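In what follows, a single structure is set out as structure tokens and then discussed.
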Amino acid sequence: MSNQIKLEQLSAIMDVLKLAEKLKFELRHSWLSNGRQESVAEHTWRMSLMAILIEPQSGDQKD
């Protein structure tokens with residue numbers, strides 16, 4: 001893989017990360033159990049963590 005392609009891929013990754021950072025400022029239209037409104041980024045983080053922790057229990061494991 002050439003250095004030019006690597007730089008283009010890194011640039012594309014940085015563009016996605018910059019876009020994802022904006023999710024911190026987008027509030028969801030629902031509320032947490034403590035009454036606070038959460039951002040899209042907070043919600044996405046929590047849902048991703050749930051998926052990572054629950055996946056081993058999904059039954060798709062090969063023993």
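Only a predicted model underlies this, so the values are computations on that prediction, with no experimental measurement involved. Count residues from 1 along the sequence. The figures here come from the full heavy-atom set of this structure, side chains too, leaving out hydrogens, waters and symmetry mates.
For residues 13-22, no pair satisfies side chain to side chain donor-acceptor pair (under 3.5 Å), with sequence neighbours left out.
With sequence neighbours excluded, the residues that form a side-chain contact (heavy atoms from CB on, under 4.5 Å) with Leu17 are Ile13, Met14. For Ala41, the side-chain contact (heavy atoms from CB on, under 4.5 Å) partners are Leu23, Lys24, Ser39, not counting sequence neighbours. Residues meeting the side-chain hydrogen bond (donor to acceptor under 3.5 Å, both in side chains) test with Arg28, sequence neighbours left out: Ser30, Glu38, His43. Partners of Leu53 under the side-chain contact (heavy atoms from CB on, under 4.5 Å) rule, at least two apart in sequence or in another chain, are Leu49. By the salt bridge (charged side-chain N to carboxylate O under 4.0 Å, His left out) test, Glu8 pairs with no residue at all, sequence neighbours left out.
Put simply, CD on Gln9 and CD on Gln4 are 11.0 Å apart, with the number rounded to the nearest 0.5 Å.
Under the 3.5 Å distance criterion, the side-chain polar atoms of Thr44 are matched with a main-chain donor or acceptor of Val40.
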